[in-house]
Each structure stands twice: as structure tokens, then as C-alpha cells.
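We use all heavy atoms of the structure for the numbers below, so side chains are in, but hydrogens, waters and symmetry mates are not.
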Amino acid sequence: MKPVIDVLEQRISRVLSSVTEQPDAAALVKTATDPRFGDYQVNGVMAAAKRLKTNPRQLAEKVIEELDLSDICQTPEIAGPGFINLRLKPEYLAEKLLEINADTTHVGIDKTGGPKRMVVDFSCPNIAKQMHVGHLRSTILGDALCRILQFEGHTVIRQNHIGDWGTQFGMLIAYLKQTSPEIIERPDSVHIADLEQFYRNAKARCDADRDFAALSRQEVVNLHEGNPETLNIWRHIVDESREHYQPVYDTLEVNLNQDNERGESFYADRLAGLVEELKGKGLAVESDGAMCVFPEGFVSKEGQPLPFIVQKSDGAFLYATTDLAALKFRIDELKADHIVYVTDARQKLHFEMLFATARLAGWVPEHVALAHVTFGTVLGEDNRPLKTRSGENIKLRDLLNEAVQRARTVVEEKNPQLDEDRKTDIARAVGIGAVKYADYCNNRTSDYVFSFDKMLAMDGNTAPYMQYAYARVKSIERKAAGKDVDIQSELSGIATLNLTEPAELDLARHLIRYGEVIANAMADYRPNYLTTFLYELAQKFSGFYNACPVLDANAQSRPTRLLLCDLTARTIAHGLGELLGIRVVEQM
RNA sequence: GUCCUCGUAGCUCAACGGAUAGAGCGUUGGCCUCCGGAGCCAAAGGUUAGAGGUUCGAAUCCUCUCGGGGACGCCA
């Protein structure tokens with residue numbers, strides 16, 4: 001079903017256009033800023049009146065005369081300087097709830113009318129290093145965006161642009177050859193238990209030993225030239241690294257695996273040609289020995305043009321080159337018509353220049369949209385980027401383990417009678433859910449302070465609160481049998497509703513807004529719109545739960561209330577589970 | 001120095017150019033013979049950093065100032 005707000009916008013805009021004789025007059029329907037103003041408000045009349053130099057209230061009168069919303073709203077009211085306030089009819093709410101109920105797979109939300117091929121670039125850890133807290137936001141934000149886009153009906157191509165092809169590999173390969181010479185014959189026999197330590201050791205040797213440094217450089221050359229022995233070891237390092245980061249994705253319940261990987265190495269043999277092409281087009285020129293593109297509008301310190309360096313003075317390529325190659329590949333071969341990059345805000349300039357350069361080169365057709373979805377930093381309690389006490393990056397694995405452990409303690413305290421497996425499962429859902437939810441519920445552009453205590457709190461806008469709301473509905477369902485209530489038969493074929501209590505209506509009005517909120521969240525790539533909606537839903541459900549008995553309700557009210565419970569549970573499960581990748585549990 | 005970004009209640013944060021700027025935490029006061037009190041209801045708390053401007057209307061857009069964070073030629 002189409003969101004009510006869109007239906008209203010369309011219908012009122014049409015009337016406003018005809019009354020004002022201005023074809024592009026927009027109704028500007030928004031959700032009401034205050035319940036006293038009804039459910040939706042029309043803001044566009046005042047702007048239109050201004051253009052016509054007429055009285056806005058009088059114009060609003062005319063619009064209302066022409067407008068027929070009787071199937072949706074009660075009589076519209078004019079208020080203030082020229083707002084039109086709209087209140088949905090209970091009959092309309094009932095009709096919509098039944099529609100949602102009938103849609104068992106898609107919670108009453110239409111697929112997009114214009115499906116696209118969307119490439120989403122996210123997570124992107126460096127191989128040969130542990131994933132740390134800095135990868136958290138890109139990974140889960142990207143995953144949520146993919147889930148939502150997919151739900152909307154787009155074709156989503158997840159791309160994990162892993163860092164598997166840098167000069168650091170020379171040193172890692174050289175180090176493995178020295179410390180585990182058997183790797184040359186049998187790469188599989190060497191297991192890297194601690195990636196971080198491995199990297200540090202190699203780096204230390206490289207810094208201390210000139211001969212080793214020379215070997216490292218030679219291995220870089222070998223790698224680029226495709227030397228089979230070096231390549232084998234490199235491949236092994238990549239495989240070993242995957243053993244470390246795949247479990248993190250699994251724990252996070254993020255849909256990423258080897259199939260989504262297309263790392264820097266994939267583009268390695270395209271770079272030289274790409275730079276040649278840029279040179280040929282007169283875009284890349286030499287500056288201080290490096291090959292640079294100078295896209296218009298980018299200036300540096302002294303007002304000099306800012307370079308986008310595509311080849312270093314020593315001939316090596318760098319991330320700008322790889323990113324260009326990836327962009328080109330995604331358009332030419334993946335046939336993307338929308339590419340979304342999910343990285344932290346510090347890379348903003350880089351992506352602006354990347355997009356500008358690609359456009360200059362003529363690689364971006366008109367219909368292709370490029371977006372950089374930025375986010376802020378995860379901070380510690382000291383308001384500095386989150387680190388361990390000794391100043392190191394916090395490993396994502398450790399962070400998640402702690403969250404689960406803390407959740408486990410709470411479950412143990414609240415529900416000791418549950419069996420062990422159940423407790424373990426709940427602790428996982430709650431702990432991981434808390435970390436993800438805490439991230440999603442903040443505006444992605446701002447930094448946020450990471451706090452286990454806050455994200456695991458049972459009060460407030462947190463995952464546990466949401467999961468609790470869900471578990472409470474499920475508890476009602478479990479209790480039903482004991483009270484001789486057959487939910488199945490009361491809900492099957494339900495054709496009319498009896499919405500009368502304020503708390504019922506309030507909950508109903510909120511439930512039907514789900515599709516509108518998803519659209520809003522996606523238009524701006526902002527999951528916090530979704531968490532806010534879900535939180536409000538849980539609050540409204542609690543209000544309803546307190547005010548309206550369900551199982552003990554009379555025959556007039558009970559089916560309606562059972563349906564409200566069911567739709568609330570389905571919406572929470574969908575929003576949390578399907579769109580945000582946060583598991584709900586029946587009991588907690 | 002240039003550019004980007006942020007500055008909203010004691011704290012953490014919302015607010016899609018709209019009406020009297022909203023939540024949560026914390027504080028204060030209510031609500032358990034009742035479907036999970038891990039809850040609900042209510043109160044107090046604000047010159048939206050400051051100054052101009054645009055607009056019928058500005059936390060939101062523009063300009064400047066102050067303050068935090070970030071980026072700015074061979075790292076990603």
C-alpha cells in the first residue's frame with residue numbers, strides 16, 4: 001500500500017494546483033508537529049498564497065471546498081496562518097491495518113516503482129589486520145542500507161573492497177618466508193594465530209633490518225609481477241585473514257562473505273591502462289614527478305589547484321587509482337546505476353575528487369548516481385576516539401564479546417530459570433543487538449560516545465527495550481491458551497475492526513506509518529529515523545498495553561486488540577530483524 | 001591559512017523551511033489483588049554558541065564572529 005502521506009500529498013497538490021492555476025504547487029504534507037493539530041498538516045498553502053499575493057486562509061478555504069478526502073480524513077480544519085490540519089478516520093485506519101495484516105511477507109509496503117542496480121561499498125577492512133572498532137560503523141551501516149534497499153525491491157550488489165594489495169604485503173611475505181620457510185612448500189601448514197602481532201613483528205623487522213627491508217621490497221615486485229611462489233603466500237595471508245574477520249561478520253549477523261569480496265588486488269592489472277587513458281584525455285598531467293588530475297573547484301592552501309594523485313613519482317599506483325578502477329568496473333561491468341560508498345567523513349574530500357575525476361573522464365553516464373554516505377567517529381568516555389588504555393585500537397571481536405558477556409549477566413539476573421542454551425542465545429541477541437542499535441539510533445553524521453551501560457540499559461531508546469517490547473507481546477500469545485483464547489481463530493478472516501480507545505487509535509495511526517518512515521530513512525541513508533519510529537512504536541504499544549486489556553477484553557474489542565498486538569510484533573520483528581539485522585527473541 | 005563538519009534541557013541525543021523546539025537518562029511526585037514493573041503516567045528543566053540577513057514563517061538557508069572535531073601531493 002502506498003503511504004498515506006503520499007496519497008495526501010498527491011491529492012491535495014492536484015487541488016492546490018488547480019485552484020491556484022500553478023501546475024507545480026506542492027501541498028507539502030508533513031506529519032503533524034503536535035497531536036493537537038491532528039495527524040497530518042498541509043504546509044504548502046501559505047507558500048502558494050504568497051506567490052499569488054492572496055490571503056492564505058482564504059486560499060485554504062478554497063482548497064478545502066474542492067478537496068474530497070472523505071474516504072481518508074475527517075473534515076479538514078484551517079488553523080494558524082493557513083495550515084490545513086488532517087485527522088485520519090478510524091475506518092480508514094482499520095482498513096489499512098487489515099491490509100497490512102493480509103500481507104504476510106511485506107508488512108503492507110509496496111516495492112519501489114523504479115528498481116535499480118545498487119552497488120554498496122562498505123566494511124572494507126585491511127587484510128592482515130584485525131578488524132577494530134573503526135570498522136564497526138561502515139560494516140553495520142552498510143549492511144542496514146543494503147537490507148533496506150533490497151526490501152524496497154532494488155538489486156543490491158554488496159562490495160567489500162578489502163585492502164589486500166599494498167606494499168605492506170612485501171614485508172609480510174618476506175617475514176613468513178623467514179620465520180616459517182615451510183610455507184613455500186605447504187602454505188596451508190602455517191597458521192597465523194594473531195594477525196596483529198604478526199603484522200607488528202614484520203613491521204619491526206622491516207624497520208630494524210635493512211637487508212630484510214630490501215627483501216620486502218623485492219617481494220612487492222614479485223607480487224606485482226605475479227611470481228607464483230609469492231602469489232601463493234599472498235593468497236594464504238588473505239585466506240588466513242578471512243578466518244579472522246568472517247567470524248566477526250557472522251557474530252554481527254551482517255550479510256557479508258567471500259562472494260562479496262572484490263579487493264584492491266582485483267583491480268591491480270587495470271591501473272596502468274587507466275592512467276594511460278587519463279593521460280590520453282589530457283586529464284592526468286605530471287606535477288612534481290607524480291601523475292595528477294586537477295579537477296576544477298578544488299583548491300589547496302595557497303589557492304593552488306588541488307591534485308588528485310593517480311600515480312606516484314616512483315611509478316606506483318595508489319588508492320585513488322584503485323578507487324577509479326573500481327568505480328569504472330562497477331559502472332561498466334556490474335552495470336550499476338547507483339553506487340553508494342559507506343566510509344567515515346574524513347574521506348569526504350577524497351570521494352568528491354574521485355567523483356569529479358570520474359565524471360571528467362566521461363566514465364559516469366547521466367543516469368548513474370554516486371553517493372558518499374559518511375559517518376562520525378566512535379568515541380570513548382573521554383570524548384576521544386575509542387581506544388584501549390594503552391592507546392591501541394580496540395578489536396571488534398573483543399568489543400562484541402564483552403557486549404555479549406554483559407548481556408549474559410543481565411539475563412542471568414532477570415531470568416535465572418531459563419536453560420543454558422536459551423540464555424546463551426538471548427545474550428547474543430541482546431548484546432550484539434545493543435551495539436548495533438546504539439550505532440543506528442544516532443545520527444550517522446555525528447560522533448557518538450560508546451557506552452555499554454547505556455546501550456544495554458532496559459530503559460530508553462535501546463535494543464533491550466525494543467526486544468523487551470517484542471517479548472511482551474509474545475508473552476501475551478503464550479498466555480492466550482491458558483485463558484481459552486484462540487488467537488488463530490479470532491484473527492483468521494478478521495474483516496472489521498473496532499478501534500475506539502485513544503490508546504488503540506494512537507497505536508494504529510503509528511503502525512500504518514511504517515512505509516513512510518522507511519522511505520524517509522532511505523532517502524537520506526539514515527537508519528535513526530527507523531529506530532526512532534520503532535521506539536515510538538514500542539512506547540505506544542506500552543501505553544496501549546497498560547490501558548487496554550487484551551486477553552480479558554470483551555468479544556467486541558478482543559480481535560482488534562489481538563490484531564494490534566500481532567501487527568506491533570510483526571513490525572518490530574521486521575524493522576529490527578529484517579532491516580537492521582537485530583534479532584528479536586520470544587523470551588528474555 | 002583554505003575547505004568540510006558540528007555547537008539544541010544538567011547529561012546523551014531528535015527535529016523531513018512550519019504553529020507553544022521534542023525524547024531518553026538523571027531529578028521530583030504518582031501507579032503493582034491486573035496479559036512480563038526490564039513497565040506506565042505526570043512535573044520541573046531552553047534567548048537552539050553569538051551577531052546580522054533572507055522568508056508570511058529559521059535550530060534548519062546565507063554572511064560574519066567564537067568554540068570543538070576533521071581534511072588539505074605522492075597512506076587508505
Side-chain angles (χ1 to χ4, degrees), chain A residues 5 28 30-34 36-37 41 43-44 46-47 49-50 56 79-83 85 124 126 163 166-168 264 287-292 298-304 306-314 316 318-320 322-323 343-350 352 374 376-377 379 383-385 410 413-415 441-443 445-449 451 453-454 457-462 464-465 467-469 471-480 482-483 485 516 520 523-524 526 528-529 531-532 535-536 539 542-543 545-553 561 565 587-588:
Chain A
I5 194 167
L28 303 179
K30 307 281 174 187
T31 48
T33 52
D34 189 304
R36 286 180 300 122
F37 305 143
Q41 60 183 49
N43 295 341
M46 290 169 289
K50 178 68 184 170
F83 295 100
N85 290 337
C124 312
N126 279 319
T167 45
Q168 76 272 24
E264 292 170 348
S287 169
D288 291 341
M291 291 307 299
C292 307
F298 296 92
V299 282
S300 71
K301 307 172 191 183
E302 294 80 30
Q304 297 299 306
L306 200 60
F308 190 60
I309 301 176
V310 294
Q311 187 173 22
K312 301 202 285 185
S313 49
D314 66 0
L318 55 175
Y319 72 119
T322 312
D323 278 349
T343 83
D344 68 283
R346 289 175 305 188
Q347 298 189 47
K348 193 165 188 278
L349 183 62
H350 167 70
E352 281 173 2
T374 63
T377 310
L379 306 176
N383 271 320
R384 303 290 310 156
V410 179
E413 194 180 299
K414 301 287 183 185
N415 258 333
C441 80
N442 282 294
N443 184 335
T445 58
S446 46
D447 299 346
Y448 75 94
V449 175
S451 159
D453 289 336
K454 279 186 183 152
M458 306 303 163
D459 311 321
N461 192 2
T462 65
Y465 175 88
Q467 289 164 321
Y468 172 67
R472 216 157 45 154
V473 185
K474 289 294 152 183
S475 174
I476 294 177
E477 291 176 8
R478 278 194 303 274
K479 285 270 157 57
K483 295 212 174 196
V485 177
E516 167 195 328
N520 272 346
D524 246 347
R526 289 170 65 158
N528 66 307
Y529 288 166
T531 55
T532 300
Y535 180 59
E536 286 166 354
Q539 283 183 314
S542 286
Y545 179 89
N546 270 27
C548 306
V550 178
L551 298 177
D552 293 331
R561 291 182 184 175
C565 286
Q587 276 178 284
M588 59 187 285

*Asks:* Supply the atom-to-atom distance A/Glu264 CD to A/Asn126 CG, rounded to the nearest 0.5 angstrom.
*Replies:*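 It is 7.5 Å, given to the nearest 0.5 Å.
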*Asks:* Please work out if A/Ile309 contacts a base, only the sugar-phosphate, or nothing of the nucleic acid, heavy-atom cut-off 4.0 Å.
*Replies:*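 A/Ile309: base contact, heavy atoms under 4.0 Å.
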*Asks:* Hey, mind stepping through A/Ser542 and A/Arg472 against side chain to side chain contact (heavy atoms under 4.5 Å, CB included) and telling me if it holds?
*Replies:* CA-CA 9 Å; A/Ser542 286; A/Arg472 216 157 45 154; 2.7 Å; yes
*Asks:* Whole Å only: how far is the NE2 atom of A/His350 from the P atom of B/C4?
*Replies:*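 Taking NE2 of A/His350 and P of B/C4, I get 19 Å after rounding.
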*Asks:* Tell which nucleotide pairs with B/A71, taking only Watson-Crick or G-U wobble pairs whose two distances are both under 3.5 angstrom.
*Replies:*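 WC or wobble partner is B/U2.
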*Asks:* Is it the case that the side chain of A/Arg526 and the backbone of A/Asn443 share a donor-acceptor pair, with hydrogens and angles ignored and the cut-off at 3.5 Å?
*Replies:*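 Not confirmed, A/Arg526 side chain does not pair with A/Asn443 backbone.
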*Asks:* In terms of the nearest nucleotide of RNA chain B, which residue is placed more toward the 5' end: A/Gln347 or A/Pro385?
*Replies:*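 Looking at RNA chain B, the more 5' nearest nucleotide goes with A/Pro385.
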*Asks:* What is the per-nucleotide protein-contact pattern of nucleotides 28-44 of chain B, from the 5' end, where B denotes a base atom under 4.0 Å from a protein heavy atom, S denotes such proximity for sugar-phosphate atoms only, and - denotes neither?
*Replies:* -------BBSBSS----
*Asks:* Counting only N and O atoms by type, is there a donor-acceptor contact under 3.5 Å from the side chain of A/Asn415 to the main-chain atoms of A/Met588?
*Replies:*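 Yes, the answer is positive, given that a donor and an acceptor are paired below the 3.5 Å cut-off.
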*Asks:* How would nucleotides 9-19 of chain B be written as a contact map, 5' to 3', with B for base contact, S for sugar-phosphate-only contact and - for no contact, using protein heavy atoms under 4.0 Å?
*Replies:* ---SSSSB-BB
*Asks:* Just checking A/Ala345: base, sugar-phosphate only, or nothing, at a heavy-atom cut-off of under 4.0 Å?
*Replies:*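 No contact.
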*Asks:* In terms of heavy-atom contacts, does CZ of A/Arg346 have more than 12 from other residues, nucleotides or ligands at under 6.0 Å?
*Replies:*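 No, not enclosed.
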*Asks:* Whole Å only: how far is the CG atom of A/Asp453 from the C1' atom of B/G26?
*Replies:*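 Those two atoms, CG and C1', are 14 Å apart.
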*Asks:* Starting from P on B/G69, measure out to CZ on A/Arg384 and report it in whole angstrom.
*Replies:*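 So the two atoms are 6 Å apart, to the nearest Å.
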*Asks:* Check whether any side-chain heavy atom of A/Asn442 lies under 4.5 Å from a side-chain heavy atom of A/Asn528, and answer yes or no.
*Replies:*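 Sidechains of A/Asn528 and A/Asn442: no contact.
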*Asks:* Mind calculating the distance between CG (A/Asn126) and P (B/C75) to the nearest angstrom?
*Replies:*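 So the CG-P distance, A/Asn126 to B/C75, works out to 15 Å.
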*Asks:* Side chains of A/Asp453 and A/Ser451: is there a donor and an acceptor less than 3.5 Å apart?
*Replies:*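 No - no donor-acceptor pair under 3.5 Å links their side chains.
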